[in-house]
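Beneath this line is the structure, given in structure tokens, with notes to follow.
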There are 2 protein chains.
Amino acid sequence: MSKPEASTPRERYRAQVREEIKKHAWEQIASAGASALSLNAIAKRMGMSGPALYRYFAGRDELITELIRDAYRSLADTFRARAEAGPDLRDLAHALREWALADPQRYFLVYGTPVPGYQAPDDTTRIASEIMAVILDACTAGQVPDEPASPLEEHLHAHRDWAGRHPAPPSALRRALTFWTRLHGVLSLELAGQFTGMRFDPAHLYTAEAESVARD
Amino acid sequence: MSKPEASTPRERYRAQVREEIKKHAWEQIASAGASALSLNAIAKRMGMSGPALYRYFAGRDELITELIRDAYRSLADTFRARAEAGPDLRDLAHALREWALADPQRYFLVYGTPVPGYQAPDDTTRIASEIMAVILDACTAGQVPDEPASPLEEHLHAHRDWAGRHPAPPSALRRALTFWTRLHGVLSLELAGQFTGMRFDPAHLYTAEAESVARD
DNA sequence: TAGCGTTGGTGATACCTTCTAACCATCGGT
DNA sequence: ACCGATGGTTAGAAGGTATCACCAACGCTA
């Protein structure tokens with residue numbers, strides 16, 4: 001999942017055990033949420049007792065941090081993979097939804113409720129901007145160079161540090177952000193179960209929102 | 001906050017202690033998130049020891065459920081209060097953002113990451129539909145009776161149980177949902193700190209999204 | 001091949017949490 | 001003045017994180 005190559009057999013064993021720990025952690029998170037993750041329970045399921053896990057992770061926080069990192073990487077990978085088939089916003093939107101529905105708690109680990117004190121590791125921001133670059137590509141692609149910029153677009157263009165060195169016009173900056181926020185809006189509410197009870201199909205709403213960004 | 005009137009002095013005292021417990025709970029949630037809520041810590045801060053709180057709440061879950069209920073009621077109240085000044089979507093959007101920024105963790109308690117097993121109490125769905133009714137009012141107000149309905153609007157109209165007996169045309173159903181999802185998309189990402197690092201002002205993006213629903 | 005440092009695993013322990021059980025005090029109505 | 005309902009206490013079970021001291025086993029090196 002992360003580092004397939006290891007030189008010595010010791011390191012290979014270590015990496016393998018770490019992966020097994022993470023595997024059990026994901027199962028536990030998927031079934032009861034991240035807040036219910038228990039190192040003790042993982043250890044028991046792996047046949048070893050309690051404190052052994054501390055040889056592989058400094059503590060619960062470091063394990064969760066590692067899972068967040070993996071989730072980020074996984075999302076970035078699926079985005080990049082999809083983008084290689086052509087920079088289409090609808091495709092990206094569909095890939096995002098597939099990825100989220102495959103494991104809702106994994107989505108929430110990345111985009112869900114944050115713990116007030118917690119600081120995401122700095123390399124996740126690098127992955128986040130990698131994701132944003134793919135979106136910016138797709139937003140820049142099908143667009144005519146420049147129409148007159150709206151006030152919002154002026155503002156975003158004035159603070160475009162987050163776009164890095166990407167040559168996206170102001171309108172693409174705005175479209176990339178609304179792509180992100182609109183899809184997250186529908187998706188997170190759907191995954192949170194806020195639509196259950198209402199009988200409509202969230203997929204239709206989702207594709208309509210994706211369309212609203214693609215055509216404008 | 002919830003039941004100001006009580007007959008006997010005993011019940012009055014009980015209600016008062018319950019409110020104080022909730023007050024401390026909110027402080028704790030605001031500073032460390034809902035997952036870090038500790039009944040023991042609350043009891044200590046109130047000068048009484050441990051299990052006394054179980055005379056007032058059956059357990060941690062019931063306390064959190066009560067907080068969620070209060071949060072829902074608070075949001076519905078601010079919505080209704082704002083709606084009495086006239087059914088304007090921009091005003092509602094502004095009221096929502098104010099309410100969310102006042103206490104981000106309270107927002108996440110309502111719309112944030114759900115615990116897989118947990119079931120929201122059924123009376124929250126009643127409050128949720130009350131909120132939705134206000135939005136539907138505002139969406140129906142400034143609208144011409146009927147343009148040709150889009151496929152999404154047809155679908156929503158075919159499954160309009162969630163709108164109750166509200167006389168909203170198909171276009172209003174769609175606008176109400178996108179109002180909800182688009183604003184939640186910007187707001188939740190902002191509150192989660194996903195925009196920190198990017199230097200732009202989320203307020204501009206938020207008002208632009210509110211505008212996008214108001215004008216269409 | 002013998003030695004030995006590094007590494008992985010163990011049980012004991014401290015300290016936290018939720019929550020139950022048993023006991024006691026106090027309030028308020030009859 | 002009595003007595004049940006109510007509120008509060010301590011003790012304790014069960015389970016969590018995390019540290020410590022100890023032990024075994026692996027693998028490199030002399």
Side-chain angles (χ1 to χ4, degrees), chain A residues 3 6-29 31-68 105 109 115-119, chain B residues 3 5-29 31-68 109 115-119:
Chain A
K3 291 187 176 75
S7 48
T8 83
R10 216 99 191 246
E11 288 177 2
R12 236 175 309 160
Y13 177 72
R14 180 174 181 81
Q16 180 180 333
V17 175
R18 276 179 68 103
E19 286 309 310
E20 191 178 345
I21 294 174
K22 290 202 272 183
K23 194 192 71 183
H24 287 270
W26 277 119
E27 292 172 2
Q28 210 168 317
I29 285 180
S31 72
S35 63
L37 200 164
S38 158
L39 294 188
N40 250 328
I42 293 175
K44 276 198 176 61
R45 269 183 225 174
M46 291 182 63
M48 54 187 185
S49 226
L53 295 196
Y54 288 82
R55 299 286 176 189
Y56 299 94
F57 294 96
R60 216 184 88 112
D61 283 7
E62 196 189 279
L63 174 56
I64 292 186
T65 296
E66 186 69 18
L67 296 179
I68 293 178
Q105 290 296 323
L109 215 53
V115 175
Y118 182 78
Q119 261 297 20
Chain B
K3 290 188 175 76
E5 46 200 346
S7 48
T8 82
R10 216 101 191 245
E11 288 177 1
R12 236 173 311 161
Y13 177 72
R14 181 175 180 79
Q16 179 181 333
V17 175
R18 275 179 69 102
E19 286 309 311
E20 190 178 346
I21 293 173
K22 290 202 272 183
K23 195 192 71 181
H24 287 272
W26 278 119
E27 293 172 0
Q28 211 168 316
I29 284 180
S31 73
S35 63
L37 200 162
S38 158
L39 294 187
N40 250 330
I42 293 176
K44 277 200 175 63
R45 268 183 226 176
M46 289 181 63
M48 53 191 191
S49 226
L53 295 195
Y54 287 82
R55 299 289 175 186
Y56 299 94
F57 294 94
R60 215 185 88 114
D61 282 6
E62 195 189 280
L63 175 55
I64 290 186
T65 296
E66 185 70 19
L67 296 178
I68 292 177
L109 215 51
V115 175
Y118 182 77
Q119 260 296 19

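In what follows, chains carry the letters A, B, and so on, assigned in the order in which the sequence lines appear, proteins first and then strands, with residues in each chain numbered from 1.
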What are the two closest non-hydrogen atoms of [X] and [Y], and how far apart are they?
X         : Y         : answer
Arg18(B)  : Phe57(B)  : NH2-CE2, 3.4 Å
Pro116(A) : Ser31(B)  : CB-O, 3.6 Å
Leu37(B)  : Arg60(B)  : O-NH1, 2.5 Å
Ala34(A)  : Leu109(A) : CB-CD1, 3.7 Å

Query raised in the report: Separation of Asp61(A) atom CG from dT19(D) atom P, in whole Å?
Result: 11 Å
Query raised in the report: Which whole-number value in Å describes the distance from Phe57(A) CZ to dT17(D) C1'?
Result: 16 Å
Query raised in the report: Should Trp26(A) and Gln105(A) count as side-chain neighbours, where that means a heavy-atom distance under 4.5 Å?
Result: no
Query - Non-hydrogen side-chain atoms of Ile42(A) and Leu63(A) separated by less than 4.5 Å - result: yes
**Report entry** Contact list for DNA chain D against residues 33-44 of chain B - heavy-atom distance below 4.0 Å
**Finding:** none
**Report entry** Contacts of type side chain to side chain contact (heavy atoms under 4.5 Å, CB included), residue Ser38(A), not counting sequence neighbours
**Finding:** Gln28(A), Asn40(A), Ala41(A)
**Report entry** Partners passing side-chain hydrogen bond (donor to acceptor under 3.5 Å, both in side chains) against Tyr118(B) (at least two apart in sequence or in another chain)
**Finding:** Thr65(B)
Report summary line: Heavy-atom contacts, protein to nucleotides 2-11 of chain D, under 4.0 Å, summarised as B (base), S (sugar-phosphate only) or - (none) per nt, yield ----BBBBBB
Report summary line: First and last nt of DNA chain C near chain B, cut-off under 4.0 Å to heavy atoms, 5' to 3', are dT17(C) to dC27(C)
**Report entry** Check ion pair Glu19(A)-Lys22(A) (N to O, under 4.0 angstrom)
**Finding:** yes
Report task. Output every pair passing side-chain hydrogen bond (donor to acceptor under 3.5 Å, both in side chains) with a member in residues 44-57 of chain A, not counting sequence neighbours, ordered by first then second residue. Result -> none
